[in-house]
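Below, read A as the first sequence line, B as the second, and so on, with proteins coming before strands; counting in each chain starts at 1.
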Amino acid sequence: MRAAAITLRPYTVLAINGRPDSADMKQKLLYKTQKAYMLFSLLILVISAPLFYFLIEGMYLEETEETLELHRKEFMTYHAPGLSESDIPVWNRMSRDLKIEAATFPLKRDSVFQQLYFDTLDQEHEPYRVLLSPVLIHEKPYHLRIRLSMVESEDLITNIVLLFSGIMLLLLAGLYGITRYFSKKLWHPFYDTLNQIEHFEIDKNSPLVLPETPVEEFQRLNTALNNLASRNSLIYKSQQEFIENAAHELQTPLAIFQAKLETLMQQRLTPEQADVVLSLSGSATRLNRLNKNLLLLSKIDNQNYGGKEIIRLKDVIEKMLGFFTEQAHEKRISVTVHAACDGETSSNPVLAEIVISNLLLNAIRHNAENGVIIISLEKTSLSISNTGPSTALNADKLFLRFSRPGTASHGSGLGLAIVKKIADLNGWTISYTYCEHLHVFRLAF
Amino acid sequence: MKILLIEDEGELAASISDYLKSNQVICEGASTLASALDKIHLYDYDCILLDLNLPDGDGFRLLSELKKLDKSDGVIITSAKDTLPVRLEGLQLGADDFLTKPFHLSELLARIQALVRRKQFNGKNTVRFREIGIDLLSKTVNVNDTPVELTKKEMELLLFLVGNQNKVLSKGALAEHLSGDMADMLDNHGFVYAHIKNLKRKLSDAGSSDYIKTVYGLGYKWQA
């Protein structure tokens, strides 16, 4: 029975793995691995770009300073010895980047610094690297000012860093794409399997078919699942057979019991004895009903009611209504029918009758004196509403076997389980709501 | 009326036979397929009650045998196994009716009577009880030639009561006879009371004696 109970509620399985309402919080496996990749790549990119920039800049500055020093040495070696004092203004006029200035302030050592100069051609300030060096020309102290433009170097560095970043980005994007593609391909059999299990129903006769995969782990998973499913199906089937056999075996002793009771009824009985016989007869009827419903359930499971045909629910209701209105009137219950259309759907006709009669039966059985029953048939749904207990029923348990709302009920506890089973078989949905003092059972077909 | 009761459950067979005997039905018993086959070769019966699950074989064999012997005995299958294929096979092999176990003895008797009436149908199909005449073809009831207007349900009820005369009939059995399978789903058999009341009134209005007795707590009885 347990396996059957679980299949009646496909959501129980979900509920174990994690509540369905938190399912959208869950992330895909692929997303998780990709997230780590992406974070690492981004980090590398963010750190490496400035680092690269400063490194190149440093190297370039070093290079510039060496050049400045070289210029100084050149000047001191080739030009300074032949330079007279009167030549200095001429030199300064001819040379743009190497000037000889009077030592207006004391300077002991060479000094290198960055300075902006106004470029008259471009009409803007340009950065220069400047070497200021104390020199002696003909025993007189001068300051030698050598400068080198940094404009081109800055452009160069920026370009190099951009290029580097671009290549890096391309590399990472490529890596991301490739891992994504391969992960997807790799996990494909897994998702296939997942899909199959999600749609597997133990009470349907279709077996679980998991495809072969070349990946060993997935093949193991599939084999294990196949074994699990076939074992469960076998157990389910044998349970089903057991229920059916048990119910059949019970029919004969029940028949004897009932026959003996009827024989007993023919005797002259005292009122006390008659009460006992009556109570026994009531129990026999209940037992019989229970047994019939159990048989019916297993017959539906075993697909004894296969042949579907187009039926009109309106006709089914009309056929049943006579008996049920008679029953309803006895409890002073008024029955109203709103049939907006024929309610055409496909089902085994016997099963459709069982659904309608079980629903109507409940509407009468759990109704109050002077209550109402409203049957309304629309294009794709049928709702049967009735007055009754003033609290809503537990909708989760309602359609389970043997979950009666109260102890007072004389039902078999299988009526709604049968309705649910037939609805599932026909691809209908049955739902329950309690609104405006009415218990509403809605069948969508 | 003579019937053959093929049933391997001794207790059930005894109850059925007791019940039928007191309503002028002679009941011969067979508890195995072999003895049943012997009996149908030797005698003719008005009706045969056939249990399908017999210790030495399938009850269907008896149906084929009857066909082979070209006998026209009416057959009612009484089986615990009630599935559409079983029903169809039974009817195809020539069974006339199908009664699923457990059943009410009163229902069994009513079915036997209906079957026998159909088989012995000689242009007229009527049931008489003293001043009351029931014509099953025209579906009319007369009390001393006074026609009585009965509904379909009241007519069925009358026939059932007369057929099971002098037997206490529980409300459950009556409800099941009137409403079929649906009745045993409801605990409320009040509608039986309503039909009985109407029937009683209509019959006495037409001048019939009051044969329908209420049996305390249990149900009703047609007192002959």
Side-chain angles (χ1 to χ4, degrees), chain A residues 244 247-267 269-271 273-275 277-278 281-282 284-289 291-293 295 299 302 304-305 307 320 322-324 326-327 329-331 350 353-354 357-358 360-361 364-365 409-412 415, chain B residues 7-19 22 51 53 78-86 99-108 153 164 166-173 175-176 178-191 193-195 215-219 221:
Chain A
E244 194 174 344
H248 268 143
E249 288 304 314
L250 279 173
Q251 302 275 75
T252 308
L254 242 150
I256 298 173
F257 184 60
Q258 196 163 310
K260 293 288 171 198
L261 267 179
E262 269 175 277
T263 311
L264 193 58
M265 262 181 217
Q266 308 311 324
Q267 314 302 316
L269 299 176
T270 64
Q273 288 168 333
D275 277 345
V277 171
L278 199 68
S281 164
T285 311
R286 261 180 85 177
L287 209 56
N288 192 6
R289 186 188 303 157
N291 217 28
K292 270 191 192 165
N293 281 336
L295 268 175
K299 272 188 207 163
N302 293 342
N304 278 350
Y305 293 100
M320 310 252 138
F323 172 74
F324 284 105
E326 195 176 16
Q327 293 288 331
H329 285 163
E330 249 177 76
K331 277 182 96 173
V350 177
E353 280 180 21
I354 291 170
S357 77
N358 279 4
L360 286 175
L361 202 67
I364 294 174
R365 187 183 280 150
S409 159
H410 287 287
S412 69
Chain B
E7 170 65 63
D8 62 326
E9 288 290 333
E11 288 292 329
L12 187 60
S15 290
I16 293 172
S17 150
D18 277 354
Y19 190 93
S22 52
D51 183 11
N53 292 327
T78 59
S79 172
K81 194 159 193 167
D82 176 18
T83 59
L84 200 59
V86 171
L99 199 56
T100 314
K101 281 182 190 172
F103 45 77
H104 291 282
L105 296 176
S106 46
E107 182 66 32
L108 178 66
K153 286 259 147 83
N164 281 285
N166 291 322
K167 294 283 186 211
V168 178
L169 301 173
S170 67
K171 281 185 194 163
E176 210 172 313
L178 291 181
S179 306
D181 268 352
M182 295 237 241
D184 72 356
M185 300 214 236
L186 278 170
D187 309 293
N188 191 348
H189 296 142
F191 73 103
Y193 170 73
H195 286 306
V215 182
Y216 172 81
L218 289 177
K221 186 181 191 177

Peer 1: Could you give the distance from CZ (F323(A)) to NZ (K153(B)), rounded to the nearest 0.5 Å?
Peer 2: 8.0 Å
Peer 1: Roughly how far apart are F103(B) CZ and L254(A) CG, rounded to 0.5 Å?
Peer 2: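 Output value for this atom pair is 12.0 Å.
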Peer 1: Looking at every non-hydrogen atom in both residues, tell me the closest pair between A274(A) and Y216(B) and how far apart they are.
Peer 2: CB-O, 3.9 Å
Peer 1: May I ask you to decide if V168(B)'s main-chain N or O and Q266(A)'s side chain share a donor-acceptor pair within less than 3.5 Å?
Peer 2: yes
Peer 1: What part of K260(A) gets within 4.5 angstrom of chain B, counting heavy atoms only: side chain, backbone, both, or neither?
Peer 2: both
Peer 1: Can you say whether E9(B) sits under 4.5 Å from chain A via the side chain, the backbone, both, or neither, judging by heavy atoms?
Peer 2: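 Interface part for E9(B): side chain.
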Peer 1: Given that the side chain runs from C-beta out, which part of N166(B) has a heavy atom under 4.5 Å from chain A: side chain, backbone, both or neither?
Peer 2: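 For N166(B), the backbone is the part near chain A, not the side chain.
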Peer 1: Looking at NZ of K101(B) and NE2 of H248(A), how far apart are the two atoms once the value is rounded to the nearest 0.5 Å?
Peer 2: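 It is 11.0 Å, given to the nearest 0.5 Å.
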Peer 1: Give, for atom OG of S281(A) and atom NZ of K171(B), the distance between the pair rounded to the nearest 0.5 Å.
Peer 2: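 The NZ atom of K171(B) is 11.5 Å from OG of S281(A), to the nearest 0.5 Å.
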Peer 1: Specify which of G415(A), A259(A), P253(A) makes the most heavy-atom pairs with chain B at under 4.5 Å.
Peer 2: A259(A)
Peer 1: Judged by atom type as modelled, is there a donor-acceptor pair below 3.5 Å linking the side chain of E330(A) to the main-chain atoms of F191(B)?
Peer 2: yes
Peer 1: Before giving the answer on side chain to side chain contact (heavy atoms under 4.5 Å, CB included), spell out for H195(B) and E326(A) the whole-Å C-alpha distance, their side-chain angles and the decisive distance to 0.1 Å.
Peer 2: CA-CA 11 Å; H195(B) 286 306; E326(A) 195 176 16; 2.7 Å; yes
Peer 1: Below 4.5 Å from any heavy atom of chain A, which atoms of Y19(B) appear? Answer side chain, backbone, both or neither.
Peer 2: side chain
Peer 1: Would you say that T100(B) contacts Q251(A) through its side chain, given a criterion of any heavy-atom pair below 4.5 Å between the two side chains?
Peer 2: yes
Peer 1: Taking E262(A) for the side chain and L105(B) for the main chain, is one N or O donor matched with an acceptor at less than 3.5 Å?
Peer 2: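 A pair under 3.5 Å: yes.
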Peer 1: So what's closer than 4.5 Å to chain B heavy atoms on L261(A): side chain, backbone, both or neither?
Peer 2: neither
Peer 1: E249(A), E244(A), Q258(A), H329(A): which one forms the most heavy-atom pairs within less than 4.5 Å of chain B?
Peer 2: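 Ranked by heavy-atom pairs under 4.5 Å with chain B, first place is Q258(A).
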Peer 1: Can you tell me how far the CZ atom of F257(A) sits from the OG atom of S15(B), to the nearest 0.5 Å?
Peer 2: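 If I round to the nearest 0.5 Å, the distance is 12.0 Å.
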Peer 1: Applying side chain to side chain contact (heavy atoms under 4.5 Å, CB included), run through N53(B) and T252(A) and close with a yes or a no.
Peer 2: CA-CA 11 Å; N53(B) 292 327; T252(A) 308; over 6 Å; no
